[in-house]
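Convention: sequence-line order gives letters A, B, ...; per-chain numbering from 1.
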There are 2 protein chains.
Amino acid sequence: MDTRKRLDQIIDLLRERGNRLTPQRIAILSAFLENDTHPTAEQIHKKILKSFPTTSLATVYKTITLLKDVGEILELEFGDDRSRFDARKPYPHPHMICTECGAIIDSELDALDGIIKELAQHSGFSIQSHRLDIFGLCASCSK
Amino acid sequence: MDTRKRLDQIIDLLRERGNRLTPQRIAILSAFLENDTHPTAEQIHKKILKSFPTTSLATVYKTITLLKDVGEILELEFGDDRSRFDARKPYPHPHMICTECGAIIDSELDALDGIIKELAQHSGFSIQSHRLDIFGLCASCSK
DNA sequence: TTTGATGCAAAGTATTTGCAGACTG
DNA sequence: CAGTCTGCAAATACTTTGCATCAAA
């Protein structure tokens with residue numbers, strides 16, 4: 001979806017919920033939507049500081065919590081301490097993580113949902129969400 | 001595989017590597033192999049304290065690091081801060097995590113390896129490992 | 001004007017690390 | 001006996017939280 005359109009939609013959503021639209025919030029949200037590298041909280045903070053030099057890292061974290069609550073951002077943890085986030089596609093989809101350069105590449109696998117559903121049914125498990133991470137070397141690092 | 005047999009194999013492996021077989025190490029390793037609930041480091045530590053009351057949590061962590069290095073334990077992180085471990089099946093396989101009671105249920109999905117391999121090939125990504133986590137409610141919690 | 005949001009600093013917490021002494025091989 | 005392992009405590013580093021102040025509506 002168009003980034004600008006999505007930004008407007010999320011802003012509307014927050015307004016309807018009664019959340020205040022502070023300039024920091026909008027800047028943080030925009031930064032997440034514009035960045036397709038699955039940034040960390042700190043990377044977003046550094047970016048924001050250019051336009052709002054007094055913004056605190058705590059506010060970035062609080063905004064992330066808000067966005068998680070409304071389902072507009074996905075938190076990705078790969079066991080390297082710092083979380084990375086995906087606000088562009090905040091629904092389950094496979095990620096390929098390069099163990100050399102740290103790149104996180106989005107992927108799509110239409111068959112996955114069906115496979116998982118079937119797998120869960122056998123054990124009476126009702127699915128809420130899922131996550132598929134693939135670790136390895138990206139195209140340029142495997143050369 | 002038989003737990004006892006696997007314990008002996010890992011002990012042999014450690015011996016061959018020149019690692020010392022201290023009673024703490026063997027107790028920690030046994031505790032992991034006997035426990036099929038994907039325990040945390042602290043849960044194993046509590047268990048060990050019954051037989052070796054002076055064992056420190058640091059030693060548990062150091063042993064976990066050793067077992068990870070030799071590929072005999074898998075670390076599972078679900079974003080709830082504390083890692084959980086799977087020493088019984090230390091190779092990639094799906095896990096179903098109950099968001100209500102916290103249970104982690106092992107699963108098998110033979111087709112997954114092939115699907116992932118195909119997915120990665122399209123993007124020139126070379127796979128090292130993968131991970132599939134399914135979140136939802138287990139059979140008893142969904143009633 | 002009201003009340004939620006910000007920003008600072010301090011707290012929180014799983015895991016790691018340094019080091020002296022203990023124990024395996 | 002040599003050198004690794006243990007156990008203690010301190011350090012680490014990301015994230016959360018408390019609170020006084022600020023600003024959106």
Side-chain angles (χ1 to χ4, degrees), chain A residues 10-32 38-70 73-85 102, chain B residues 10-32 38-70 73-85 102:
Chain A
I10 298 175
I11 287 176
D12 283 345
L13 172 64
L14 293 178
R15 203 195 318 273
E16 281 165 28
R17 282 172 42 99
N19 293 112
R20 292 187 180 167
L21 299 171
T22 64
Q24 293 94 326
R25 254 182 201 171
I26 293 171
I28 293 166
L29 177 53
S30 302
F32 271 120
H38 307 80
T40 63
E42 199 180 357
Q43 286 170 337
I44 292 296
H45 182 229
K46 284 211 178 98
K47 176 85 188 299
I48 298 307
L49 285 180
K50 293 175 188 167
S51 30
F52 297 90
T54 63
T55 306
S56 71
L57 186 53
T59 294
V60 174
Y61 276 111
K62 283 168 186 166
T63 301
I64 288 170
T65 299
L66 173 63
L67 292 173
K68 281 199 288 189
D69 287 347
V70 300
I73 200 172
L74 209 65
E75 182 169 9
L76 312 172
E77 296 175 277
F78 300 115
D80 58 349
D81 276 339
R82 61 193 78 211
S83 284
R84 299 180 64 163
F85 299 92
Chain B
I10 298 175
I11 286 176
D12 283 345
L13 172 63
L14 294 177
R15 203 195 316 272
E16 281 165 28
R17 283 173 41 99
N19 293 113
R20 294 194 175 160
L21 299 170
T22 64
Q24 293 94 327
R25 256 182 198 169
I26 293 171
I28 292 166
L29 176 54
S30 303
F32 272 119
H38 307 80
T40 64
E42 200 180 354
Q43 285 170 339
I44 292 297
H45 181 228
K46 284 211 179 97
K47 175 83 187 301
I48 298 306
L49 285 180
K50 292 175 189 167
S51 29
F52 297 90
T54 63
T55 307
S56 71
L57 187 52
T59 294
V60 175
Y61 277 111
K62 284 168 184 164
T63 301
I64 288 171
T65 300
L66 173 63
L67 293 174
K68 281 200 288 190
D69 287 347
V70 299
I73 200 170
L74 208 65
E75 181 168 9
L76 311 173
E77 297 175 278
F78 300 113
D80 59 348
D81 277 338
R82 62 194 76 214
S83 285
R84 300 181 62 162
F85 299 91

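- Partners of Glu77(B) by side chain to side chain donor-acceptor pair (under 3.5 Å), not counting sequence neighbours: none found.
- By the 4.5 Å heavy-atom criterion applied to side chains, Phe32(B) and Thr63(B) are not counted as neighbours.
- The interatomic distance linking Leu66(B) (CG) with dT17(C) (C1') rounds to 17 Å, in whole Å.
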Should Leu76(A) and Phe85(A) be marked as a side-chain contact (heavy atoms from CB on, under 4.5 Å) after you check the CA-CA gap, both sets of side-chain angles, and the distance that decides it? CA-CA 6 Å; Leu76(A) 312 172; Phe85(A) 299 92; over 6 Å; no
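- Listed nucleotides dT6(C), dT6(D), dT16(C) differ in distance to Tyr61(B); the shortest reach to its side chain belongs to dT16(C).
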Extract all donor-acceptor atom pairs below 3.5 Å that involve side chains of residues 15-24 of chain B and protein atoms in other chains or at least two apart in sequence.
residue	atom	partner	partner atom	Å
Arg17(B)	NE	Asn19(B)	OD1	2.8
Thr22(B)	OG1	Arg25(B)	N	3.2

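- When rounded to the nearest whole Å, the span between CZ of Arg82(B) and P of dT15(D) equals 17 Å.
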For Leu14(A) and Leu66(A): C-alpha separation, side-chain torsions, deciding distance, then whether side-chain contact (heavy atoms from CB on, under 4.5 Å) applies. CA-CA 9 Å; Leu14(A) 293 178; Leu66(A) 173 63; 4.0 Å; yes
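- Between the side chain of Arg84(B) and the main chain of His38(B), a donor-acceptor pair closer than 3.5 Å is present.
- Atom CZ in Arg17(B) sits about 14 Å away from atom C1' in dC5(D), given to the nearest Å.
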What pairs of nitrogen or oxygen atoms, one from the protein and one from nucleotides 23-25 of chain D, lie under 3.5 Å apart?
residue	atom	partner	partner atom	Å
dA25(D)	OP1	Leu21(A)	N	3.2

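- Rounded to the nearest 0.5 Å, atoms CD (Glu42(B)) and CZ (Arg82(B)) are 6.0 Å apart.
- Under the 4.5 Å side-chain criterion, counting only non-hydrogen atoms from C-beta, Lys47(A) is not in contact with Ile44(A).
- Here the P atom of nucleotide dC5(D) and the CD atom of Gln24(B) are 12 Å apart, to the nearest Å.
- Computed from coordinates, the Asp81(A) CG to dT15(C) C1' distance equals 8 Å when rounded to whole Å.
- The side chain of Ser83(B) places no N or O atom within less than 4.0 Å of a non-bridging phosphate oxygen (OP1 or OP2) of dA14(C).
- Taking five base pairs at each end of the helix from dT1(C)-dA25(D) to dG25(C)-dC1(D) and finding the rotation axis that steps the C1' atoms of four pairs onto the next four gives two axes whose angle is 40°, to the nearest 10°.
- Residues Ile10(A) and Leu67(A) meet the side-chain proximity criterion, which asks for heavy atoms closer than 4.5 Å.
- Within residues 41-58 of chain A, the residues having any heavy atom closer than 4.0 Å to DNA chain C are, in order of number, Thr54(A), Thr55(A), Ser56(A), Ala58(A).
- Taking atom CG on Asp80(A) and atom C1' on dA14(C), their separation rounds to 15 Å, with Å as the unit.
- With DNA chain C read from its 5' end, the first of the two nearest nucleotides for Lys68(B) and Thr59(A) is the one closest to Thr59(A).
- Taking 3.5 Å as the limit, the base of dG7(C) and the side chain of Lys62(A) contain a donor-acceptor pair of atoms between them.
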With a cut-off of 3.5 Å and sequence neighbours excluded, list every side-chain donor-acceptor pair involving residues 49-57 of chain A.
residue	atom	partner	partner atom	Å
Ser51(A)	OG	Ile48(A)	O	3.4
Thr55(A)	OG1	Phe52(A)	O	2.9
Ser56(A)	OG	Thr59(A)	N	3.2
Ser56(A)	OG	Thr59(A)	OG1	3.2

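- The CD1-C1' distance, from Ile28(B) to dG7(D), rounds to 12 Å in whole Å.
- One atom, CD1 of Ile64(B), and another, C1' of dA14(C), lie 11 Å apart when rounded to the nearest Å.
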